[in-house]
Amino acid sequence: MNWHMKKKRKSVLNPNIENILSVKEILSGNKLAGARVIRLIEENDPQAFELLKQLYPYSGKAFIIGITGSPGVGKSTLINSMIQEFRKLDKKTAVVAVDPSSPVSGGAILGDRIRMQKHATDENVFIRSMASRGEKGGLSRAAKDAVIVLDTMGYEIIIIETVGAGQGEFEIANLAHSIGIVTIPGAGDGMQAVKAGILEKGDIFIVNKSDKPDVDQTLHQLNMMLEMRNSSRTDFQTTTGTDWTPKVLKTSAQNGNGVKEVVDTFLSHFDFMEKNNTFDTKKDEMEILYFNALLKDLALEKLLKYIKTSDRYVETIKEIQSCKIDPLSAAELLTDKLIER
Amino acid sequence: MGVAKYIKDEKGAIQEVTYQSGIKVKSSYGPEDLEKAGFEYDKDLGQPGEYPFTRSLHPLSYRSRAWTTRQYTGFGTPAETNERFKLMIKNGQNGLNVAFDLPTQMGYDSDHPLAQGEVGRVGMAIDSLKDFETAFAGIPLDKIGSGLTINAVATIMMAMYQATAEKFGYSKNQISTTPQNDILKEMIGRGAWIFPVEHGVRLVGDSIEYAVKELPRSNPVSLCGYHIRESGATPAQEIAYAFSIAKDYIANVTQRGIKPEDFVGRFSFNFNVYGNLWEQIAKFRAARKLWAIMLKEEYGVTDKKKLFLRGLFGGGGSGLTKEQPENNIMRSAYYALGAALSGAQTTALCSFDEAYTIPTPRSALLSLRTLEMLMDEVGLRDTVDPLAGSYFIETLTLEMEEKILEEMKDVEKWGGMTKAISSGFIQRKISAQAYKYEKGLQSGEYKKVGLNQSTEDGEAEKTDVELHEYNEEWAEKSKANLKELKRTRNDQEVSQSLAALEKAARGSDNVMPHLVKCCHAYATVGEMAGVFREVFGEWNEPDFY
Amino acid sequence: MKTTKKIRVLIAKPGLDGHDKGAKIVCLALRDAGMEVIYSGLHQTLDQIIQTATEEAVDVIGLSIMSGAHLPICEKLLAMMKEKGLDDIHLTVGGVIPYQDIPQLKEMGVAQVFPGGVSFEHIVTGINALETGEK
Ligand SMILES: Nc1nc2c(ncn2[C@@H]2O[C@H](COP(=O)(O)OP(=O)(O)O)[C@@H](O)[C@H]2O)c(=O)[nH]1
Ligand SMILES: [Mg+2]
């Protein structure tokens with residue numbers, strides 16, 4: 001049985017939809033337009049790149065929050081309750097929720113949204129599920145670009161949900177201004193994730209499911225770990241007092257307990273960064289990281305295309321096949337030649 | 001070749017048979033198999049009607065009484081349901097089984113936006129006591145018992161039933177009702193849940209406690225392995241999960257200082273007959289035995305009658321096909337044979353058109369006739385437990401017992417059913433199984449006549465069946481009645497009783513007496529369920545994949 | 001830039017019916033066919049379905065209806081889709097659907113009907129065909 005049809009599909013856009021795909025519509029917050037642009041971004045459509053270039057100057061207004069932690073700790077449930085709190089403060093709120101793609105089929109079931117579905121009909125809330133599509137860290141450029149679109153649509157708060165911190169160019173720390181790491185009571189699961197190197201990245205540590213036993217023990221452990229982290233740091237920010245001391249909070253996301261504190265703490269982290277002028281520094285850093293990542297993508301793509309269409313490439317292949325040169329030397333030679341030019 | 005897995009050699013001879021529950025079946029059985037399985041007559045079988053009841057609950061079984069059958073009634077408005085009830089009683093039924101529409105099941109009144117298009121569709125629409133009064137008018141509630149097919153708001157319907165009886169001049173000691181009231185199975189299977197797991201279980205506990213203290217003739221819970229099986233569980237899991245669910249309900253009630261002996265005799269069960277014939281028979285025999293042993297050894301229940309696994313073994317809905325629907329008539333007859341061979345006390349069959357909609361009167365009648373034939377025509381009443389002593393059946397029954405216990409241990413690892421459901425463990429396991437089985441059906445790995453074998457071409461397969469019509473007027477009538485009710489009732493009484501209900505829900509007082517008061521004050525189902533929604537919140541279903 | 005298209009499907013359960021085995025196994029089958037599936041969860045209003053389809057920019061909405069209310073639900077949803085500019089999204093419906101209702105559903109504008117019991121292959125091919133523009 002061949003379920004996968006290999007035929008080329010028609011564009012996701014029909015002609016009358018194309019009219020609304022304009023910078024103007026997106027800036028006015030048109031959900032249909034924004035959603036379709038994000039879809040094009042995800043599909044690497046050249047049209048999206050053009051639009052993004054025009055939109056970029058309007059971005060940079062939103063406060064971007066990353067929520068990360070192992071599957072099942074309650075991130076989506078927590079975000080659901082956070083939306084509620086942000087809406088009480090009358091903030092337009094958007095969510096980009098990333099779930100892993102199936103390594104076998106490339107498909108995915110995107111289930112984060114179910115937890116937030118009660119906000120589906122709120123005009124001022126936008127929720128977008130996204131599959132990781134094979135990115136190791138769980139985040140791809142599409143997530144970053146989607147955030148840009150949502151930002152220009154006027155969402156003041158943008159929350160990104162992802163499992164784990166990742167390692168790629170688009171890891172959560174490079175995408176969000178403030179990072180919440182979610183764990184659950186019980187030393188096993190939750191703490192494992194914290195230990196796995198993401199301790200450094202967290203601004204707020206959230207012990208969710210505090211309705212379960214052993215919360216205090218987990219809180220205590222986390223506090224100890226953070227103390228150690230702080231005492232071992234001697235970098236510039238620590239010594240100048242502009243370093244944010246990570247906070248540890250507990251929530252029961254299911255019934256909303258403690259979620260207001262989480263939201264308040266994120267907002268006070270924002271204020272803290274503004275006051276200490278670290279917010280702009282952070283944004284600058286993020287911008288350069290974005291540039292570098294784009295550069296890497298485009299350089300790779302364009303240069304490869306250039307090489308592969310050259311006569312030299314065809315010759316080199318022949319040389320390898322006839323054992324005149326080994327693949328290692330050949331690759332080195334070709335790239336060196338390119339740089340010489 | 002049905003639900004089991006068959007491996008054949010190149011000549012088409014069967015080499016290996018594996019049942020859904022994971023039991024391998026040999027080509028033949030002999031005394032050595034019984035010996036190997038450690039079979040002992042007294043311990044494992046015993047006399048009919050004697051502990052551990054493997055053979056039957058009563059010494060003479062069908063000789064003394066043929067099985068009883070139950071039909072599901074209730075559709076449209078309470079007035080129409082009342083007419084149906086009366087007709088059925090006239091035809092000799094001594095029990096009613098009431099179906100409710102989806103808005104009622106989900107605790108919404110007929111005028112709720114989510115009720116649109118659903119009022120009276122799959123059962124009777126109930127907004128307030130007024131509707132119950134209409135539905136049960138002229139029914140002798142001291143003689144006729146009523147099953148109430150409702151779960152999330154079963155407490156409300158039980159209270160409604162009591163209030164109705166009281167309005168009609170009966171005392172609560174006289175009435176007999178059996179609400180389904182198995183919220184945990186809804187969370188595994190049928191999806192008609194509202195409140196978070198632990199609050200759902202608390203409400204079940206409240207209703208059991210109340211029945212023990214106040215409703216001597218009512219059976220507060222009917223545990224439905226049936227729906228668990230329909231969602232993709234194996235026969236062994238069907239029994240194991242129903243028993244694990246029962247254990248959690250028992251735990252909730254014993255916490256309140258009530259002894260298991262005082263209430264487990266009021267539990268009844270609803271199990272499925274669809275599947276491999278032998279596996280079903282072994283399942284029912286093993287289940288009767290395990291239930292009795294569990295109650296006796298684990299819970300110290302001593303009264304023999306309280307060890308009975310009572311209930312309805314029937315249905316078979318997911319065995320039916322949409323293709324060649326008439327085949328379902330024969331198919332159901334074989335399912336019923338399995339139930340008869342395992343000594344089912346009560347039974348009912350799905351109608352052949354059930355894959356489409358609620359059964360038409362004609363198809364319901366065909367089911368009834370099928371059951372009559374088994375009892376009165378072909379000889380299933382002749383002797384008790386005719387398969388007893390079969391090398392195969394006795395070995396299989398012991399193996400089934402093992403499998404059921406294994407599955408129960410699996411649940412125990414999660415700390416019991418409530419936790420296993422909260423974490424999504426059961427749901428993930430069952431949906432993965434359902435998916436795998438469905439793929440097997442589609443690839444022809446599992447044979448199904450009319451579906452992947454002996455199929456007919458094109459349009460011939462798509463036989464039209466007679467369908468039950470939905471009447472838009474039902475909703476209009478219900479809404480009009482509701483409006484009138486809200487205009488005429490005593491608002492102060494309503495708000496006071498609802499406030500008292502809220503207080504009980506927030507605390508640990510039993511909600512039942514408060515619900516009865518709310519019903520008498522003509523508070524609506526939506527208002528009472530609304531109080532629970534406010535206090536308990538709604539369940540956040542875990543991931544199924 | 002290399003485009004990477006994947007079909008996105010919203011599987012939705014409108015109304016109060018909770019029989020979700022069918023919806024769930026179809027989600028699994030579509031995932032295994034390489035599609036990205038957004039599952040709405042139970043008890044959705046048509047407004048929620050419309051908003052979800054809008055924000056998630058899906059290609060296909062797959063309704064799962066077992067209560068018998070497929071005709072009025074589809075009719076209303078199609079009207080809402082039109083009003084909200086979602087008329088390029090294909091509406092499909094599955095569940096307990098009598099064969100005799102299929103012509104009426106198609107007439108209304110439902111792109112594909114998958115009555116209970118049709119194979120996963122049929123559903124996957126059907127959805128793929130919608131996306132390649134073949135009917
Ligand atoms: N007991 C408890 N369960 C929770 C809490 N928050 C979430 N859950 C449950 O944990 C499961 C996973 O939640 P989800 O938000 O999907 O986790 P995620 O994978 O991290 O996004 C769901 O079944 C939730 O209902 C909480 O505070 N307490
Ligand atoms: Mg999540």
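Computed from heavy atoms alone, side chains included, the values below leave out hydrogens, waters and symmetry copies. Not measured: the values here are computed from a predicted model.
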Using the side-chain contact (heavy atoms from CB on, under 4.5 Å) rule, take B:Phe544 and C:Asp20 through it: C-alpha gap first, then chi angles, then the decisive distance, then the call.
CA-CA 10 Å; B:Phe544 68 90; C:Asp20 55 2; over 6 Å; no
Test item: [X] and [Y] side chains (from C-beta on) under 4.5 Å apart, heavy atoms:
X        : Y        : result
C:His19  : B:Arg190 : yes
C:Asp32  : B:Lys439 : yes
C:Leu16  : B:Pro103 : yes
B:Lys322 : C:Pro115 : yes

Mind checking the [atom1]-[atom2] spacing from [X] to [Y]? Nearest 0.5 Å is all I need.
X        : Y        : atom1 : atom2 : answer
B:Leu451 : C:Ser119 : CG    : OG    : 9.5 Å
C:Leu28  : B:Lys436 : CG    : NZ    : 13.5 Å
B:Tyr435 : C:Lys24  : OH    : NZ    : 15.5 Å
B:Arg121 : C:Ser67  : CZ    : OG    : 5.5 Å
B:Tyr545 : C:Tyr39  : OH    : OH    : 11.0 Å
C:Lys21  : B:Gln433 : NZ    : CD    : 11.0 Å

Non-neighbouring partners of B:Lys429 that pass side chain to side chain donor-acceptor pair (under 3.5 Å), sequence neighbours left out
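B:Lys429 satisfies side chain to side chain donor-acceptor pair (under 3.5 Å) with B:Glu407, B:Asp410 once adjacent residues are dropped.
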What part of C:Val26 lies closer than 4.5 angstrom to a heavy atom of chain B: side chain, backbone, both or neither?
neither
Let me know if C:Lys76 has heavy atoms under 4.5 Å from chain B in its side chain, its backbone, both or neither.
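For C:Lys76, side-chain heavy atoms alone lie under 4.5 Å from chain B.
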With B:Lys185, which residues qualify under salt bridge (Lys or Arg N to Asp or Glu O under 4.0 Å), at least two apart?
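B:Lys185 satisfies salt bridge (Lys or Arg N to Asp or Glu O under 4.0 Å) with no other residue.
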Any chance CD of B:Glu473 has more than 12 other-residue heavy atoms, nucleotides or ligands included, within less than 6.0 Å?
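Open.
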If you draw a 6.0 Å radius around CD in B:Gln116, do more than 12 non-hydrogen atoms from other residues or ligands fall strictly inside?
no
Shortest non-hydrogen contact from [X] toward [Y]:
X        : Y        : result
B:Gly117 : C:Ala69  : O-CB, 4.2 Å
B:Glu323 : C:Gly117 : OE2-O, 4.5 Å
B:Leu114 : C:His43  : CD2-O, 4.3 Å

Output all residues satisfying side chain to side chain contact (heavy atoms under 4.5 Å, CB included) with B:Cys350, sequence neighbours left out; order by chain, then residue number.
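With neighbours one apart ignored, the set is B:Tyr226, B:Leu320, B:Glu354.
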Contacting moiety of B:Glu186, where chain C heavy atoms sit under 4.5 Å:
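When you check distances to chain C, no heavy atom of B:Glu186 falls under 4.5 Å.
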Quick one: which residues of residues 49-58 of chain C reach chain B at under 4.5 angstrom, heavy atoms only?
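Near chain B, by residue number: none.
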